[in-house]
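All residue numbers in this chain count up from 1 along the given sequence. What's counted below: heavy atoms across the whole structure, side chains too, no hydrogens, waters or symmetry copies.
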Amino acid sequence: MKGLDPKLVETILNEVVPKSLTGINFKDVSGQNKAKAALHEMVVLPALRPELFTGLRSPAKGLLLFGPPGNGKTLLARALATEAACHLVNISSSTLTSKWVGEGEKLVKTLFSVARAIQPAIIFIDEIDALLSERKTGEHEAMRRMKTEFLLQFEGMLTGTNERLVVVAATNRPRELDDAALRRFPKRVYVRMPDTETRGALVSALMMKNGTPLSPKDMEKVASMTQGYTCSDLTNLARDAAMAPLREISTAELTKIQPENMRKIGIRDFERSSERVRRTLGSESLADFEKWNNEFEIGRAHV
């Protein structure tokens, strides 16, 4: 690519996931129906029918996924790339930082140049707060220059009106974002904690991997006793419960037993595991997310 360092181009290309190779779509993500509907309207429809989304209907170029950790923000971004049939450029702050002075800005410029060359594309940046945190006095000059370059490339003189490029970012700390960065994410989707129905659906999907689905009554019990659990907590709980049949077998028996002869996972296993695997998020943290969402949410009807 003209004017770009080939080594830096290769660095960015190594982070590109081609169309439809992310491995999942929206149906693989349990719950989060409001978030899926918002993402479908903001990104999927404009990507599939760009000729309809012009003028005032032009899609936003920045989308922020925020919410408690462990509830599927990264998973939603992967599914979004599949649904929209876009290349996914998966970037972390480590990809854009360098010990060499000035290379961070060049990497940022290369990132957007490569994404524009392979559009339609989604640039996904996980933990965006580590990259675009609030600019402060005393901050390292190289980091400040890289942030400035990112903001200019995101929405600056080189930004085309008909670009099919979306920057999707995820964060657990939306309050730490720089005001200029927040302005470039006009669409913000709150990825909430799973409700009772979602918790039941997730546990059911996890149990199916072992071919031992719980009864509807037991599923309701698991969903009710896991109030306040994140999706990640529920996965850890199911994994711990799945180990219960193995714990009852001696090492000598374990070397001989066949998988089909293993005891099925039951509700009692979940009850015992819930004593060891606790929820990881406090009520104060959740209240802080709700407060920020009420202060800064855009398009209340969609989020």
Side-chain angles (χ1 to χ4, degrees), residues 1-26 28-29 39-54 57-65 73-98 102-128 130-132 146-170 181 184-187 189:
M1 298 178 69
K2 187 177 180 180
L4 300 177
D5 188 329
K7 291 183 179 180
L8 301 185
V9 172
E10 184 179 0
T11 299
I12 300 301
L13 286 175
N14 287 336
E15 305 297 332
V16 176
V17 181
K19 293 180 182 179
S20 304
L21 291 184
T22 56
I24 61 169
N25 49 37
F26 279 162
D28 297 317
V29 182
L39 293 174
H40 186 76
E41 179 184 311
M42 295 174 192
V43 181
V44 178
L45 291 179
L48 298 179
R49 295 298 305 276
E51 68 275 11
L52 299 179
F53 291 84
T54 58
R57 287 192 292 265
S58 297
K61 295 183 181 296
L63 170 64
L64 180 68
L65 301 173
K73 294 186 291 295
T74 303
L75 207 60
L76 279 170
R78 288 176 55 193
L80 180 63
T82 301
E83 297 284 344
C86 293
H87 296 295
L88 179 67
V89 188
N90 187 24
I91 295 295
S92 64
S93 58
S94 63
T95 308
L96 300 179
T97 53
S98 172
E103 191 161 291
E105 301 98 284
K106 292 179 182 178
L107 276 165
V108 170
K109 181 180 179 180
T110 304
L111 165 63
F112 281 88
S113 298
V114 169
R116 288 180 179 118
I118 64 172
Q119 60 179 304
I122 294 174
I123 297 176
F124 176 63
I125 306 174
D126 207 354
E127 307 297 346
I128 188 70
L131 182 65
L132 294 180
M146 187 179 70
K147 289 179 184 179
T148 303
E149 181 67 23
F150 189 96
L151 296 173
L152 289 174
Q153 290 290 334
F154 194 158
E155 188 178 272
M157 293 292 289
L158 297 178
T159 305
T161 55
N162 295 320
E163 282 184 354
R164 298 178 64 187
L165 177 64
V166 181
V167 179
V168 179
R184 285 165 170 80
F185 292 101
K187 299 294 186 180
V189 177

Residue list, side chain to side chain contact (heavy atoms under 4.5 Å, CB included) with [X], at least two apart or on another chain:
{"X": "Leu8", "answer": "Asp5, Glu103, Lys106, Leu107, Thr110"}
{"X": "Leu165", "answer": "Phe112, Ala115, Arg116, Ala121, Ile123, Glu163"}
{"X": "Leu13", "answer": "Val9, Val16, Val114"}
{"X": "Glu15", "answer": "Ile91, Thr95"}

Determine the minimum heavy-atom distance between [X] and [Y], stating which atoms define it.
{"X": "Pro46", "Y": "Phe53", "result": "CA-CD1, 3.6 Å"}
{"X": "Leu88", "Y": "Ala81", "result": "CB-CB, 3.9 Å"}
{"X": "Leu48", "Y": "Ala84", "result": "CD2-O, 4.3 Å"}
{"X": "Gly62", "Y": "Pro186", "result": "O-CD, 3.6 Å"}

How long is the gap from [atom1] on [X] to [atom2] on [Y], to the nearest 0.5 Å?
{"X": "Lys61", "Y": "Arg184", "atom1": "NZ", "atom2": "CZ", "answer": "13.0 Å"}
{"X": "Cys86", "Y": "Gln119", "atom1": "SG", "atom2": "CD", "answer": "9.5 Å"}
{"X": "Arg78", "Y": "Leu76", "atom1": "CZ", "atom2": "CG", "answer": "11.0 Å"}
{"X": "Met42", "Y": "Lys187", "atom1": "CE", "atom2": "NZ", "answer": "5.0 Å"}
{"X": "Leu75", "Y": "Lys73", "atom1": "CG", "atom2": "NZ", "answer": "11.5 Å"}

Residues forming a ring pair (Phe, Tyr, Trp, His ring centres under 6.0 Å) with Phe124, sequence neighbours excluded: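 If we apply the ring pair (Phe, Tyr, Trp, His ring centres under 6.0 Å) test to Phe124, skipping adjacent residues, there are no hits.
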Go through Leu80 and Ile122 one step at a time and tell me if the side chain to side chain contact (heavy atoms under 4.5 Å, CB included) criterion holds. CA-CA 9 Å; Leu80 180 63; Ile122 294 174; 4.0 Å; yes
Backbone N/O of [Y] and side chain of [X]: donor-acceptor pair under 3.5 Å:
{"X": "Arg57", "Y": "Leu52", "result": "yes"}
{"X": "Thr54", "Y": "Pro50", "result": "no"}
{"X": "Asp28", "Y": "Ile24", "result": "no"}

Set of residues satisfying side chain to side chain donor-acceptor pair (under 3.5 Å) with respect to Arg49, sequence neighbours excluded: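 Partners of Arg49 under the side chain to side chain donor-acceptor pair (under 3.5 Å) test: Glu51.
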Sequence-distant partners of Asp126, side chain to side chain donor-acceptor pair (under 3.5 Å), two or more places apart: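 Per chain and number, Asp126 pairs via side chain to side chain donor-acceptor pair (under 3.5 Å) with Thr74.
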Please determine whether side chain to side chain contact (heavy atoms under 4.5 Å, CB included) holds for the pair Leu39 and Phe26, giving the CA-CA distance in whole Å, both sets of side-chain angles, and the decisive distance to 0.1 Å. CA-CA 10 Å; Leu39 293 174; Phe26 279 162; 4.0 Å; yes
Can you list the steps and then say if Phe154 with Val108 is a side chain to side chain contact (heavy atoms under 4.5 Å, CB included)? CA-CA 10 Å; Phe154 194 158; Val108 170; over 6 Å; no
Are the side chains of Val189 and Leu63 in touch, meaning some heavy atoms are under 4.5 Å apart?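 A side-chain contact under 4.5 Å exists here.
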Taking C-beta and beyond as the side chain, do Leu45 and His40 meet within less than 4.5 Å on heavy atoms?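 Yes; the side chains approach each other to less than 4.5 Å.
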